[in-house]
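Both backbone and side-chain heavy atoms feed into the values below; hydrogens, waters and symmetry mates do not.
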Amino acid sequence: MTAPIFANWLSQTNDVTQIFLGASEDPNLINLAGGLPDPSVWPVAELASLATTAMMDHPDKSLSYSPIPGLSDLRDTVARRFSKDGLTLTRDNVMIVSGGMQALDLIGKVLLDQDDIIAAQSPAYLGAIDAWRPRGPKYRALDLEAQDFDPAPALGGAKFAYTVPNFSNPTGRLVLLAQRHALVQAAYETGTYLVEDDPYGTLYYEGDVLPSMLEISASMYKGPYTGPVIYLGTLSKQLAPGLRIGWVIAAPEVISALVTGKQGGDMCTAGLTQVIANTAITSGLVERILPKILELNKTRRDALCAAMDAYLSDLFQWRVPQGGMFVWATARNPQLNTDRLLRVAIEHGVCISPSSAFDPLGLNHSAIRINFTLNTAQDLAEGIQRLAAATRAVLDTQP
């Protein structure tokens, strides 16, 4: 049989996501690679009760096809949840998606043609890079921490700009308030859409919560939202990732385009999980479990950084994040290749994410992303000791 000829983009992808998701099946491997919450924070009994109620009381919504934009009840709930002084949202501003990843895929589907430019916060979320790779875009790096960064030229001519302003994946960095205002202003000046991906916006462990760029954008005029920000949210880090519930908030014409794109995809997000999600939000369940999530995550962040101080400080440098799920560590030795480190680390019983996966060109090999939310403090310490041994092994065998 002749070997099948697959699409060209498949030869340009990476296998990092498959590696760290598959790592969960090896009980002896400590997985520091993924962006996974600890299952202990999931309100299993409450969700089971909500699921039963949804099917028994609302079988028409739970078990049938749903409207492509999402159930009206949930869209109204999301609109109310995010409406604030100066930000007026209706269901026409909201689309329900099957997790944040579908939102990224749909944005590429409706906005990108071959060789279009994406102005992306650098380094960038690997899931977004994967989602848009089949569209064949080009990338322009947004170095938001550069002293001479000027957002208007950076956004000009791009189809859209992409940011994760709250505790960026992968770096854990927080985009400051002045930078948020500057990006929004540049979006208005250039006519470029500004994608605000916000899965970690509730995960602040210190400091004041900053306004979203969606809120900042709406403050520039009055009336229902029609601005350039495309805001992405999800319940994956607030409730449970297996529900696969997320949302897009944007101008109505953007929502309409995304709905057309979804029509040719999964057609609709599962009605059962939409009903569960709506009740979880309106009943206050999401807010009730948040303190437990924050306390656990903060404790584990501190445990990870203490272990890194003890075992990795001569090998990597990093900042302690104020929130989110990740620490971004840069090798002190610029010759360390973190792609190779990934393979050697797995041999030592620990899995990390190399920086090349977060670079659209795959050229950054000097850093790693480490997750702190999934593992216990004991396992984090053990994982960092294994990582230190693996790093030394790589350095000892490098030419």
Side-chain angles (χ1 to χ4, degrees), residues 61 64-84 86-114 116-119 128 131-132 134-135 137 155 158-163 183-184 187-188 190-199 212-235 244-271 273-275 277-278 281:
K61 294 181 179 179
S64 186
Y65 293 109
S66 299
I68 298 172
L71 292 174
S72 296
D73 290 348
L74 181 54
R75 293 168 69 201
D76 289 341
T77 294
V78 171
R80 285 193 300 271
R81 190 182 188 206
F82 286 89
S83 289
K84 298 183 178 181
L87 175 58
T88 303
L89 300 171
T90 72
R91 72 174 62 163
D92 292 335
N93 294 114
V94 178
M95 175 184 179
I96 306 302
V97 289
S98 302
M101 278 300 302
Q102 184 178 56
L104 295 171
D105 179 67
L106 290 174
I107 286 169
K109 193 174 185 179
V110 306
L111 289 180
L112 290 176
D113 291 311
Q114 181 76 29
D116 280 343
I117 295 172
I118 301 172
W132 299 326
R135 309 291 166 189
L155 269 63
K159 266 299 183 69
F160 60 86
Y162 175 69
T163 65
L183 285 167
V184 171
Y188 276 105
T190 62
T192 301
Y193 286 116
L194 179 57
V195 177
E196 180 177 16
D197 194 0
D198 193 27
S212 69
M213 291 187 287
L214 179 71
E215 295 172 59
I216 294 169
S217 169
S219 69
M220 296 184 175
Y221 63 91
K222 295 182 179 180
Y225 187 73
T226 57
V229 174
I230 303 174
Y231 179 91
L232 314 182
T234 176
L235 286 181
R244 307 312 300 143
I245 291 291
W247 48 83
V248 181
I249 301 174
E253 65 269 19
V254 174
I255 297 298
S256 179
L258 294 172
V259 168
T260 301
K262 185 175 171 70
Q263 177 178 314
D266 67 349
M267 193 163 68
C268 64
T269 297
T273 54
Q274 288 190 71
V275 175
N278 189 55
I281 295 171

What is the minimum heavy-atom distance between [X] and [Y], and which atoms define it?
{"X": "P67", "Y": "C268", "result": "O-CB, 4.2 Å"}
{"X": "A277", "Y": "L235", "result": "CB-CD1, 3.5 Å"}
{"X": "D198", "Y": "Y231", "result": "OD2-OH, 2.6 Å"}
{"X": "L71", "Y": "G271", "result": "CD1-O, 4.1 Å"}
{"X": "T88", "Y": "G223", "result": "CB-O, 3.8 Å"}
{"X": "A161", "Y": "T192", "result": "N-CG2, 3.9 Å"}

First locate atom [atom1] of [X], then atom [atom2] of [Y], and finally report the distance between them rounded to the nearest 0.5 Å.
{"X": "S98", "Y": "Q274", "atom1": "OG", "atom2": "CD", "value": "8.0 Å"}
{"X": "I249", "Y": "L232", "atom1": "CD1", "atom2": "CG", "value": "9.5 Å"}
{"X": "T90", "Y": "R80", "atom1": "OG1", "atom2": "CZ", "value": "12.0 Å"}
{"X": "L87", "Y": "I216", "atom1": "CG", "atom2": "CD1", "value": "11.5 Å"}
{"X": "S72", "Y": "K61", "atom1": "OG", "atom2": "NZ", "value": "8.0 Å"}

- Which of these passes side-chain contact (heavy atoms from CB on, under 4.5 Å) with V229: T163, L194, L183? L194
- Task: For L111 and R135, run side-chain contact (heavy atoms from CB on, under 4.5 Å): C-alpha distance rounded to whole Å, both residues' side-chain angles, the deciding distance at 0.1 Å, then the answer.
- Result: CA-CA 10 Å; L111 289 180; R135 309 291 166 189; over 6 Å; no
Please check if the side chain of [X] supplies one atom and the backbone of [Y] the other of a donor-acceptor pair under 3.5 Å.
{"X": "R75", "Y": "V94", "answer": "yes"}
{"X": "W132", "Y": "L104", "answer": "yes"}
{"X": "S83", "Y": "L89", "answer": "yes"}
{"X": "T77", "Y": "D73", "answer": "yes"}
{"X": "Y188", "Y": "S217", "answer": "yes"}
{"X": "E196", "Y": "L214", "answer": "yes"}

- With side chains defined as the heavy atoms from C-beta onward, is the minimum distance between L112 and I118 less than 4.5 Å? yes
- Close side-chain approach of V78 and N93, heavy atoms under 4.5 Å: no
Give the table of side-chain donor-acceptor pairs shorter than 3.5 Å for residues 250-264, with sequence neighbours excluded, one pair per line with atom names and distance.
unit_1 : atom_1 : unit_2 : atom_2 : d
T260   : OG1    : S256   : O      : 3.2
K262   : NZ     : Q102   : OE1    : 2.8
K262   : NZ     : D266   : OD1    : 2.9
K262   : NZ     : D266   : OD2    : 3.2
K262   : NZ     : T269   : OG1    : 2.9

